[in-house]
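Let me begin by presenting the structure, written as structure tokens, before commenting on it.
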Amino acid sequence: MPLAKLLVDSPVGRGVTKAMGLPQPSPLRRQAPGEPPLDGPLLLGAAAGGRLASAVTASMSEVGVEVVTADEGERTYAALVYDATGIVTVDGLRSLYVFLHDSLRRLGASGRVLVLGTPPEDCVAPGEVAAQRAVEGLVRSVAKEVRRGATANLAYVAAGAETSATSTLRFFLSGRSAYVSGQAVRVRGGEVGVLEDADRPFDGRVALVTGAARGLGAAIASLLAREGARVVCLDVPAQGELLTATANDVRGIAVQLDITAVDAPRRLARHLTDRYGGVDVLVHNAGITRDKLLVNMDDKQWASVLAVNLDAQLRVNAELLAREVLRPGSRVVCLSSQSGIAGNRGQTNYAASKAGIIGMVQALAPVLGRTEGTINAVAPGFIETEMTAQMPYAAREMGRRINSLGQGGLPIDVAETVAWLARPGSGGVTGQTVRVCGQSMLGA
Ligand code: NAD
């Protein structure tokens, strides 16, 4: 065991870190195949006039969750859900405060708080806009107050999108969102009535994952395959051996290609059309870092990071869209980064590329929307990978700790978030950037 891990994970190490005043991280409950999404009942509250209580009950009962609407005052809950869509005034916010005030102490370890609201931009009366926007401040603060691996998130569900919310409800109300906290996402129209198998939503779908030889890409490929997708794993020829190993593991196909090559988009389009007649899920995960302070950075370090992390994604998307390789209802998920949101010393090139991704998904969402497709970004914070294992001890320990969950995430946490956005039933979520960062204090 490396010294740093020993310091944090052993009983002696825990004593040392405690003495240093560092918070002790709680183990996070993650989704294991075949296990129920929650390990206890869900308490559902609603403001008068709310629109979503029946959608929550139907979506969660169907996957075996006990939904309780009358709190008996002594049970421990695995999730607290409040339908705040009926709140139209600042006074009305009191019902949300009372619900959480009375129940939060009985939220179990790795519990989930999920508040449902109406997108403030869809409201007209200033009081209603203010009240719905206020919910975000409350939820982000609750996320900082909950303990023992619990999370709090907010889903703004537009009027008329109630039936499109199922995949989002099931993501946030399960071990799949273990490292996602303090987020506000929006669910809009999307396709209604998409029937997907809860365990194998990607059955019959083809997914392409770039940078799949190792790290997050390998974890994403593996989860998509486990949930039914036929996965095309792409990486540079220099990673050929690892790539073959990943592709074999997931019973997928290995494609050796440098995505920055001039003809890469065309070759990829041809491969996907000839072999599969198109692609349903595209995960732009390949990425590199070439860290240097801006004043010390050379042209090559600047250009290579922009080329791999941003320009290649733009070019591939343009080609696959122009040649209609992305099938109707396709899902594109792009890896951004917390650095792209907060900026990071020594990473001007990387942060620029990852912030560019956020702009790209906003710009392409309406384009994909013409064929019922979506495009979103996932912005990881500190994830335990080979890349972060190379960081100096102090920086690593700091990166791992400065978030509400007090620990780094795992590749599976990123993979689960990608898989949620890639699901056929997630058509109501598009143009957004979701952070997988344990509610990092950076760039909040
Ligand atoms: P990694 O270095 O382990 O894997 C990246 C993969 O991309 C490698 O296999 C690499 O060969 C491949 N790749 C690089 N250039 C390529 C090219 N031109 N063509 C094809 N493939 C190429 O990195 P990771 O930690 O798994 O990160 C994956 C993604 O997540 C990256 O986009 C990264 O920026 C992002 N990210 C990671 C973290 C983290 O904590 N690990 C945090 C934020 C964002």
Side-chain angles (χ1 to χ4, degrees), residues 179-180 208-223 232-247 254-265 267-268 271 282-291 300 303-316 333-344 347 349-358 360 377-391 395-396 398-400 402-403 407-415 417-418 433-438 440 442-443:
Y179 199 61
V180 180
L208 168 70
V209 181
T210 69
R214 61 180 202 190
L216 303 185
I220 294 164
S222 160
L223 181 60
V232 181
C233 302
L234 179 148
D235 214 297
V236 288
Q239 294 283 7
E241 250 174 66
L242 268 181
L243 180 67
T244 305
T246 307
V255 172
Q256 295 187 12
L257 186 65
D258 180 339
I259 44 159
T260 62
V262 178
D263 62 348
R267 286 176 56 190
L268 203 48
H271 176 86
L282 168 58
V283 183
H284 285 294
N285 164 81
I288 59 169
T289 51
R290 295 289 182 269
D291 297 355
K300 203 168 160 223
S304 59
V305 170
L306 270 293
V308 177
N309 296 4
L310 183 57
D311 199 44
Q313 292 200 25
L314 279 161
R315 292 193 308 116
V316 168
V333 186
C334 311
L335 268 289
S336 176
S337 164
Q338 171 178 295
S339 294
I341 294 167
N344 197 17
Q347 288 199 316
N349 49 358
Y350 183 76
S353 70
K354 295 298 186 179
I357 293 297
I358 297 172
M360 180 187 74
V378 168
F382 186 98
I383 306 297
E384 306 283 356
T385 59
E386 277 168 45
M387 186 180 94
T388 47
Q390 307 304 323
M391 291 167 70
R396 185 171 65 238
M398 173 82 120
R400 208 178 245 155
I402 51 168
N403 59 74
Q407 58 196 294
L410 300 182
I412 186 68
D413 299 323
V414 176
T417 308
V418 169
T433 299
V434 180
R435 296 177 65 167
V436 184
C437 64
S440 172
L442 299 179

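Given the structure is predicted, the values throughout are model-derived calculations rather than measurements. Along the sequence shown, residues carry numbers from 1. For ligands, and for the atoms within them, numbers begin at 1 and follow the listed sequence.
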| If you count the atoms of ligand 1 from 1 in the order shown, which ones are under 4.0 Å from a heavy atom of A286? | 7 (O), 13 (N), 21 (N), 22 (C), 32 (O)

| query | If we only count N/O pairs under 3.5 Å, is I259 in contact with ligand 1? | reply | yes

| note | For L234, the ligand 1 atoms with a heavy-atom partner under 4.0 Å come out as 20 (C)

| task | Could you find the nearest protein heavy atom to atom 33 (C) of ligand 1 and give me its residue, atom name and distance? | result | Y350 OH, 3.4 Å

| note | among protein heavy atoms, the one nearest atom 39 (C) of ligand 1 is M387 CE, 3.6 Å

| Considering T289, N285, T385, I220, which one's heavy-atom position lies nearest to atom 31 (C) of ligand 1? | N285

| task | Indicate yes or no: does an N/O atom of I383 lie under 3.5 Å from an N/O atom of ligand 1? | result | yes

| Can you find a heavy atom in the side chain of T417 that is under 4.5 Å from one in the side chain of Y179? | no

| request: Decide whether an N or O pair under 3.5 Å exists between T388 and ligand 1. | output: no

| said: Under a 3.5 Å distance rule, please check whether T289 uses its side chain to pair with a backbone N or O of D291 as donor and acceptor. | reply: no

| task | Look at atom 5 (C) of ligand 1 and say which protein heavy atom is nearest, naming residue and atom and giving the distance to 0.1 Å. | result | G287 O, 3.8 Å

| request: Report the nearest protein non-hydrogen atom to atom 18 (N) of ligand 1: residue, atom name, distance rounded to 0.1 Å. | output: D258 OD1, 2.8 Å

| said: I'd like to know whether Q338 forms a side chain to side chain contact (heavy atoms under 4.5 Å, CB included) with K354, so could you lay out the CA-CA distance, the side-chain angles of the two residues, the decisive distance to 0.1 Å, and finally the verdict. | reply: CA-CA 8 Å; Q338 171 178 295; K354 295 298 186 179; over 6 Å; no

| said: Tell me whether ligand 1 is touched by E386 - counting only heavy atoms on the residue side and a distance under 4.0 Å. | reply: no

| query | Among protein heavy atoms, which lies nearest atom 2 (O) of ligand 1, and at what distance? | reply | R214 NH2, 2.7 Å

| message | Counting non-hydrogen protein atoms only, what is the nearest one to atom 26 (O) of ligand 1? Give residue, atom name and distance. | response | L216 N, 2.8 Å

| query | Nearest heavy atom to atom 11 (O) of ligand 1: which of V378, D235, V209 does it belong to? | reply | D235

| said: Minimum distance, heavy atoms only, to atom 16 (C) of ligand 1: which one of L257, T246, L242, V236 is it? | reply: V236

| query | If we only count heavy atoms from C-beta on, is the T210 to L257 side-chain gap below 4.5 Å? | reply | no

| What is the closest protein heavy atom to atom 7 (O) of ligand 1, and at what distance does it sit? | G211 CA, 3.4 Å

| task | Compare every heavy atom of N285 with every heavy atom of G211, then report the nearest pair and how far apart it is. | result | O-ND2, 3.0 Å

| Looking only at heavy atoms of Q338, does any of them come nearer than 4.0 Å to an atom of ligand 1? | no

| request: Side-chain contact test, heavy atoms from C-beta onward, threshold under 4.5 Å: evaluate it for I358 versus I341 and give yes or no. | output: yes

| query | Are N309 and ligand 1 in contact, using a heavy-atom cut-off of under 4.0 Å? | reply | no

| Heavy-atom gap I288 to ligand 1 smaller than 4.0 Å | yes

| field | Contact (N/O only, under 3.5 Å) between S337 and ligand 1 | value | no

| How close do I383 and L410 get, heavy atom to heavy atom, and via which atoms? | CG2-C, 3.6 Å

| Backbone or side chain, does any N or O of S336 fall under 3.5 Å from an N or O of ligand 1? | no

| Counting from 1, what ligand 1 atoms have a heavy atom of L335 closer than 4.0 Å? | 30 (O), 32 (O)

| said: With a 4.0 Å cut-off on heavy atoms, is G381 in contact with ligand 1? | reply: yes

| query | Going by the atom numbers of ligand 1, which of them fall below 4.0 Å from some non-hydrogen atom of G215? | reply | 26 (O)

| task | Go through the steps to decide whether L306 and S353 satisfy the test side chain to side chain contact (heavy atoms under 4.5 Å, CB included), and finish with yes or no. | result | CA-CA 5 Å; L306 270 293; S353 70; 4.3 Å; yes

